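Note: hydrogens, waters and symmetry copies are ignored here, and every other heavy atom, side chains too, is used. Order of appearance sets the numbers: ligands from 1, and atoms from 1 within every ligand. We're numbering straight along the sequence, starting at 1. In this text, all values refer to a predicted model and were calculated from it rather than measured experimentally.
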Amino acid sequence: MRAVQSGYMHWAKYKPPVRYDLSSSDAPHFRMDSLPVSLADLELDGASHPRYLPLREAIAARYGVSADQVVTADGTSMANFVAMATLISPGDEVVIEHPAYELLLNAASFLGAEIKRFERNPADAFRLDPTMVERAMSERTRLIVITNLHNPSSALAGEQDLRAVGKLAAAVGARVLVDEVYLDSAVPPQPSAVHLGDVFVCTSSLTKVYGLSGLRCGWILAEPGLAERMWRLNDLFAVNQAHQAERLACIAFDQIDEVIGNTPELLARNRQRWNDFVDSREDIECMPAAYGITAFPRWSGGDSQRLDDLLRNQFDAGVVPGCWFEMPDHFRVGFGLAHDDFGEALIRLGAALDALK
Ligand SMILES: Cc1ncc(COP(=O)(O)O)c(C=O)c1O
């Protein structure tokens, strides 16, 4: 049956709120009122601004592409949807990683794709393995979908593996959609896969690493001909974006170092604390966190839904149960809490794990 909603997104929005929330994959929220913005900067001047050039130029400059390779959209979410809707016709074969961010699966299903899966194996540190991709593909494959960094594990796909997947796609006339919403939290910084050739279509936003989720500033990077098709299709969906949000996004790009602030240091400290936590426990297994905002440990206790239930009911804390990533005996934690809160959240996670032994 074709998907017509996202169970995961509904859960993410409406789950019981908790103080020590390890389920978020956002960096700390950035306060726009710390930037010199006046209402006059946001004046709408009555006009609509199709394909607002200053924002496309700001994104293009940051990612080393030309403005005609940039399509803007409401968050990576809409960027993924517009990209897929442009690249998938009903009945097309689409190959998607497992475990996967559920919205990628459901968007492809909604568009009528015939979905095939390939494994990112936990025993291989969730590596993007081109042989696994090749096994899942056929001559009918039109699109391969991956996340880099991988959500949920944060595994980084190496350039060689990306190139190999690009070659497989090109051989059958397919494209590779790379959701790069976490890529800017890689250490050292990694270039977008868009630089590896026209076969790659990449999406991202100011949401995760930049703490500006509410701005909904997302984008697609693609070769100009494909970008043009995406803009045309978007005329059926959103026509233009909220112009004040586009203006605010330009201001954020102007001050991007300030927006990023101490997020890299915070994430590094939290990852270290997480690695110490994992080392101290026998009931969870997890590859060392070296970059990224999330980790995806395996829990020897089985279905992690009961871990999240206990955390929310008794510890004012929570994780993402692994069922949302089709691996119930894993769970996802995020590193974006303030350092002291993160430490407290881990103490509570440890207590809940002990209680379930
Ligand atoms: C892989 C992935 N893509 C996209 C999104 C959504 O990003 P945005 O807030 O930019 O729409 C998320 C959010 O969790 C995500 O994990």
Side-chain angles (χ1 to χ4, degrees), residues 6-15 21-30 55 59 62-63 70-85 96-108 120 126 128 144-157 176-186 190 192-193 201-221 234 237-238 241-242 245-246 248-249 252-253 259 267 291-296 318-322 324-327 330-336:
S6 166
Y8 172 64
M9 189 47 69
H10 189 78
W11 174 82
K13 284 177 172 170
Y14 299 110
K15 61 191 180 316
D21 189 4
L22 289 166
S23 68
S24 170
S25 58
D26 290 4
H29 172 65
F30 175 74
L55 180 54
I59 296 166
R62 184 155 175 81
Y63 293 96
V70 180
V71 181
T72 54
D74 281 346
T76 317
S77 308
M78 195 60 184
N80 285 334
F81 189 78
V82 172
M84 283 193 181
I96 304 181
E97 65 190 7
H98 173 279
Y101 178 57
E102 184 244 43
L103 276 83
L104 294 168
L105 278 172
N106 285 14
R120 299 190 63 153
F126 293 97
L128 172 69
I144 298 166
V145 181
I146 59 178
T147 50
N148 191 31
L149 308 178
H150 179 221
N151 184 10
S153 71
S154 288
L156 171 70
V176 186
L177 174 61
V178 190
D179 177 328
E180 296 181 338
V181 76
Y182 298 104
L183 190 62
D184 289 355
S185 64
Q190 301 291 318
S192 166
V201 177
C202 301
T203 55
S204 191
S205 71
L206 288 181
T207 295
K208 301 289 170 190
V209 185
Y210 302 91
L212 285 171
S213 171
L215 209 46
R216 309 312 297 145
C217 172
W219 57 85
I220 306 157
L221 308 181
N234 191 52
F237 297 150
Q241 289 184 272
E246 291 178 318
L248 280 170
F253 273 108
V259 171
L267 293 177
Y291 33 65
I293 308 185
T294 63
F296 196 52
V319 294
V320 182
W324 291 119
F325 291 93
E326 310 162 284
M327 295 182 78
H330 285 61
F331 60 92
R332 197 190 74 180
V333 298
F335 302 133

- Which bit of Thr76 is near ligand 1, meaning a heavy atom under 4.0 Å away: side chain, backbone, both or neither? both
- Okay, side chain of Gln241, backbone of Ala73: is any donor-acceptor separation there less than 3.5 Å? yes
- atom 5 (C) of ligand 1 sits nearest the protein heavy atom Tyr101 OH, 3.4 Å
- Query: For the residue pair Phe237 and Phe81, does the interplanar ring angle fall in the parallel (under 30°), tilted (30 to 60°) or perpendicular (over 60°) class?
  - Reply: tilted
- Message: Suppose we measure from atom 14 (O) of ligand 1 to each protein heavy atom; which comes out shortest, and what is that distance?
- Response: Lys208 NZ, 2.8 Å
- Task: Using modelled atom types only, decide if a donor and an acceptor are shared between the side chain of Glu97 and the backbone of Thr147 within a distance under 3.5 Å.
- Result: yes
- Task: Take the angle between the ring planes of His150 and Phe126 and call it parallel below 30°, perpendicular above 60°, tilted in between.
- Result: tilted
- Message: Please evaluate residues Ser204 and Glu180 with respect to the criterion side-chain hydrogen bond (donor to acceptor under 3.5 Å, both in side chains), reporting the C-alpha separation (whole Å), side-chain torsions for both, the decisive distance (0.1 Å), and the verdict.
- Response: CA-CA 5 Å; Ser204 191; Glu180 296 181 338; over 6 Å; no
- Query: Atoms of ligand 1 less than 4.0 Å from Gly75 heavy atoms?
  - Reply: 10 (O), 11 (O)
- Note on the structure: atom 6 (C) of ligand 1 has as its nearest protein heavy atom Ser77 OG, 3.4 Å
- Query: Does Asn148 use its side chain to pair, donor to acceptor, with the backbone of Ala157 at less than 3.5 Å?
  - Reply: yes
- Indicate the ring-plane relationship of Phe296 and Phe325, choosing parallel, tilted or perpendicular according to the 30° and 60° boundaries. perpendicular
- Number the atoms of ligand 1 from 1 as they appear, then name those within less than 4.0 Å of a heavy atom of Val181, with their elements. 1 (C), 2 (C), 3 (N), 15 (C)
- Note on the structure: Within the 4.0 Å heavy-atom cut-off, what Arg216 brings close to ligand 1 is side chain
- Message: Using a 4.0 Å heavy-atom cut-off, which part of Ser205 comes near ligand 1: side chain, backbone, both, or neither?
- Response: side chain
- Message: Geometry only, no angles: is Asp74 polar-contacting ligand 1 at N/O separations under 3.5 Å?
- Response: no
- Query: Relative to ligand 1, is Ser25 under 4.0 angstrom through side chain, backbone, both or neither, heavy atoms considered?
  - Reply: side chain
- Residue, atom name and distance, where the atom is the protein heavy atom closest to atom 2 (C) of ligand 1: Asp179 OD2, 3.3 Å
- Spell out, as yes or no, whether a donor-acceptor pair under 3.5 Å connects the side chain of Thr76 to the backbone of Thr203. no
- Task: Return yes or no for this condition: an N or O of Ser213 is under 3.5 Å from an N or O of ligand 1.
- Result: no
